[in-house]
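To start, the structure itself, in C-alpha cells.
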Amino acid sequence: MSNAPYRFDVTHRVCEVVDAHANLEPGAETDTVVTVAGRLMLRRDQGKLAFGSLQDSSGRVQLFAMAKSTPEYEGFTGLSIGDWIAVTGIVMMTRRGELSVRVDEWALLAHAGRPFPDKWHGISDPDTRYRQRYVDLWVTEEARQTFIRRSQIVASMRRILHAQEFIEVETPMLHPIPGGALARPFVTHHNALGEDLYLRIAPELYLKRLVVGGVEKVFEIGRVFRNEGMSTRHNPEFTMLELYWAYADHADMMQLTEELVAGIASEVLGTTTIEYDGREVDLSTPWRRATMEELIAEYAGVDVNLDTPIDELRAICERFGVETKAHYGPGKLILELYEKTCEAELWGPVFVTDYPVEVSPLSREHRERPGYTERFEAIVAGRELCNGFSELTDPLIQRQRFEAQEADRDAGDDEAMVVDEDYLRALEYGLPGTAGLGVGVDRLVMLLTGTTTIRDVVLFPTLKPEQGRGTAESGETVDHPH
RNA sequence: GCCCCCGUAGCCAAGCUGGUUACGGCAGCGGACUUUUAAUCCGAAGAUCGUGGGUUCGAGUCCCACCGGGGGCACCA
C-alpha cells in the first residue's frame with residue numbers, strides 16, 4: 001500500500017507565491033515560508049545543489065534544494081519527472097534571479113509510474129494528445145489555456161443571460177421521439193420500459209413547451225448527440241446553447257445574438273477584434289444582415305428565388321456541382337446552392353436570413369415573404385455559428401410541416417422529422433410569438449480560442465477504441481514503487 | 001462510406017531510388033559537479049520499425065489486407 005498522505009495542507013498556489021515576490025533582488029532570501037504542491041516537471045541536479053520546476057494548476061515555480069539543508073536530499077534528487085510532491089520552505093531569489101522555493105521540507109504525494117513525454121518537444125502525436133488528455137494537459141500549455149478559456153466563455157455566457165433574466169433549465173436527454181433538428185439520432189434501449197429511446201439531437205421542443213408553461217425567457221446549455229460523420233467541426237456529442245424568448249421575434253434575437261457573442265469576447269478576451277486562421281474577425285455590433293438570395297447573387301452571380309422555375313433551379317445547381325435529389329423542392333435547392341457557393345466564403349460575421357419554409361419546419365413564415373421564414377444563421381469565418389428564428393406557433397401549420405417531413409422520411413430522408421403529438425398538444429394550449437436561438441458552443445470556443453479543430457476544444461473527443469494498445473493490460477511495464 | 005497522407009524505444013526524431021550490427025536527442029540507469037534555466041560532462045543500456053501476409057538473395061524502405069490517427073469529400077438545424 002502507498003504511504004502517500006490522504007490529505008495535505010497547502011498554503012499557497014504557485015501563482016500566489018510568484019505574484020507576491022516578483023521584485024526580489026537576486027540572492028535575496030525572505031522569511032516567508034510557504035507550502036506548495038504540484039508535479040515536478042523538470043529537474044537539474046548539480047551535485048550538492050538541485051533545481052526543479054514545480055507546476056500546479058496556476059503556474060510554475062523553481063525549487064531550490066541543497067544537500068546540507070534539504071532533508072533526504074538523495075531521495076529528492078531521485079524523484080521522477082511527473083511525481084506529485086509538496087514542498088515547504090522559504091521564498092528566495094537565486095543569484096541568477098530565478099524566484100524559488102527552498103526545499104526545507106518535502107513529501108511525495110504520488111509517484112508517476114509512467115514517464116512523461118519529452119520536456120522540450122512535448123507530444124506531437126494527436127492520437128496521444130486526445131486519448132491521454134491527462135498527459136496533454138500537463139505537457140501542452142496551449143491545451144490547458146484553451147480549456148480554461150472554454151470555462152470562462154461558458155461562464156460569461158451564463159452571466160450575460162442571467163443578467164437579462166433568462167432562466168437556465170435542464171430538459172431530457174433521453175427522448176422517446178427525436179426532434180428539434182434534422183439529424184440522425186443515436187438509439188438506446190430502456191429495459192424496464194421495454195422501449196427504445198433516442199439521445200437528444202436538440203432540446204428545442206422541450207424548451208418551447210416550457211414557454212407554453214409560462215417560462216418567458218429560458219435557456220439550456222447542454223450536450224446533444226448526432227449520429228453523423230466526424231470532422232474538424234463535428235464531434236458526435238457537442239454542446240449547444242439554446243434559448244427562447246417570449247414576445248420577441250427574429251430581429252430581436254439577431255440583436256441579442258450579436259450582443260451575446262461580442263459581450264463574451266469582450267469579457268473573456270478584452271476585445272471584439274480577434275484573429276482566426278490568420279485573418280481578422282471583427283465581432284463588434286451590429287453584424288451585417290443579408291438574405292440567402294442576396295448572398296447567392298453576390299457570390300454565385302445568379303438570381304434565384306422561390307418563383308424560379310424548378311427546372312431552371314436544378315440546372316443552376318448542377319452548373320455549380322450541387323448534388324440534388326428528386327424530391328428536393330425549390331427551397332431545398334436554393335439552400336443547397338447557398339451552402340455550396342456562399343457559406344465557406346463568408347468571413348462575416350453575417351446573419352444569413354430568409355430561409356425557405358421547405359427547409360425550416362419549426363420556423364414561422366416570414367410576415368412579408370410567403371414561402372420564406374423569419375430564420376437566420378450567423379456565419380463567422382466560413383462556419384455556421386448559430387441558428388435562430390421566429391418560432392412557428394400555430395399547431396395546425398406545425399402539424400402540416402411535420403407531415404411534410406414525414407413524407408420526406410418516406411422518400412428516404414432518414415434525417416427528416418417525425419410528428420410529435422405531445423408537442424402539437426402543447427402548441428394547442430397556446431405559444432405566444434417567441435424567438436429561439438441555438439448556438440454551437442464548441443464552435444464559439446473554437447472561434448474565440450483560434451482553434452481550427454473541434455477536438456482541441458473538447459476534452460475527450462470521440463475516437464475509435466484503441467483495443468488494448470498502450471494500456472496497462474497490454475503487458476506494458478509500469479513502474480510500481482510500493 | 002470514399003480518396004490522400006501518416007504510424008521507427010516512454011517522448012521527439014533520422015533512415016536518399018530496398019543492401020549488411022536502424023543516426024541522434026530528451027527521459028530512465030551508473031558516475032562527476034554548491035546558483036542551474038532544455039544545465040553540462042563521462043559511461044552503459046533501451047526498437048516485435050502499428051499488426052498479419054507477400055515479392056526479393058536481401059524489406060523500416062516495394063505490394064496486399066487489417067488496426068489506429070490526420071486531412072479532404074460525402075454527410076451534417
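Hydrogens, waters and symmetry mates are skipped; everything else that's a heavy atom, side chains included, is used. Because the structure is a prediction, the values reported are computed rather than measured. Below, read A as the first sequence line, B as the second, and so on, with proteins coming before strands; counting in each chain starts at 1.
Look at CZ on A:Arg44: it is 11 Å from P on B:A27, rounded to the nearest Å. Residue A:Arg39 contributes atom CZ, which lies 18 Å from atom P of B:A27 at whole-angstrom precision. One can place CZ of A:Phe116 at 12 Å from C1' of B:C11, the figure rounded to the nearest angstrom. Computed from coordinates, the A:Arg131 CZ to B:G68 P distance equals 8 Å when rounded to whole Å. We find that CG of A:Leu49 is positioned 12 Å from P of B:C33, with the value rounded to whole Å. In this structure, CH2 of A:Trp120 is placed 6 Å from P of B:A38, rounded to the nearest angstrom. Put simply, NZ on A:Lys48 is 6 Å from P on B:C33, counting in whole angstrom units. Between the CG atom of A:Asp127 and the C1' atom of B:G69 there is a distance of 5 Å, given to the nearest Å.
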Dump every N/O contact between nucleotides 72-76 of chain B and the protein below 3.5 Å, one line per pair.
from, atom 1, to, atom 2, distance (Å)
B:C75, O2', A:Arg184, NH2, 3.4
B:C76, OP1, A:Glu415, OE1, 2.6
B:C76, O3', A:Leu182, O, 3.2
B:C76, O2', A:Glu228, OE1, 2.5
B:C76, O2', A:Glu228, OE2, 2.8
B:C76, O2, A:His234, ND1, 3.0
B:C76, O2, A:His234, NE2, 2.5

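Here the two rings, on A:Tyr355 and A:Tyr372, have centers that are 6.0 Å apart or farther.
A:His175 and A:Tyr206 have tilted rings, their planes meeting at an angle from 30° to 60° on a 0 to 90° scale. Using cut-offs of 30° and 60° for the angle between ring planes, the A:Trp347 and A:Tyr276 rings count as tilted.
Proximity of A:Ser124 to the phosphate of B:A13: a side-chain N or O atom is located under 4.0 Å from OP1 or OP2. Within the 4.0 Å cut-off from OP1 or OP2 of B:U34, not a single side-chain nitrogen or oxygen of A:Arg95 is found. OP1 or OP2 of B:U35 lies within a sub-4.0 Å distance of a side-chain N or O belonging to A:Gln46. Of the side-chain N and O atoms in A:Arg43, none sit less than 4.0 angstrom from OP1 or OP2 of B:A38.
With a cut-off of 3.5 Å on both pairing distances, the Watson-Crick or G-U wobble partner of B:G68 is B:C6. The partner of B:G1 is B:C73, by the rule that a Watson-Crick or G-U pair needs both atom distances under 3.5 Å. In a base pair of the Watson-Crick type (N1 to N3 plus N6-O4 or O6-N4) or a G-U wobble (N1-O2 and O6-N3), with each distance short of 3.5 Å, B:C33 is matched with no nucleotide.
The structure places CG of A:Asn235 at 11.0 Å from CD of A:Glu228, a figure rounded to the nearest 0.5 Å.
Of the residues in residues 372-380 of chain A, those lying under 4.0 Å from RNA chain B by heavy-atom distance are A:Arg375, A:Glu377.
Closest to the side chain of A:Pro115, out of B:A27, B:U35, B:C11, is B:A27.
Screening A:Leu42, A:Leu54, A:Thr70 against A:Leu63 for a side-chain contact (heavy atoms from CB on, under 4.5 Å) leaves a single residue, A:Leu54.
Within the 3.5 Å criterion, the main-chain N or O of A:Glu384 finds a donor-acceptor partner in the side chain of A:Arg443.
Each of A:Glu98 and A:Arg455 was matched to the nucleotide of RNA chain B holding its nearest heavy atom; the match closer to the 5' end belongs to A:Glu98.
Contact annotation for A:Leu362: no contact, since no heavy-atom pair falls under 4.0 Å across all strands.
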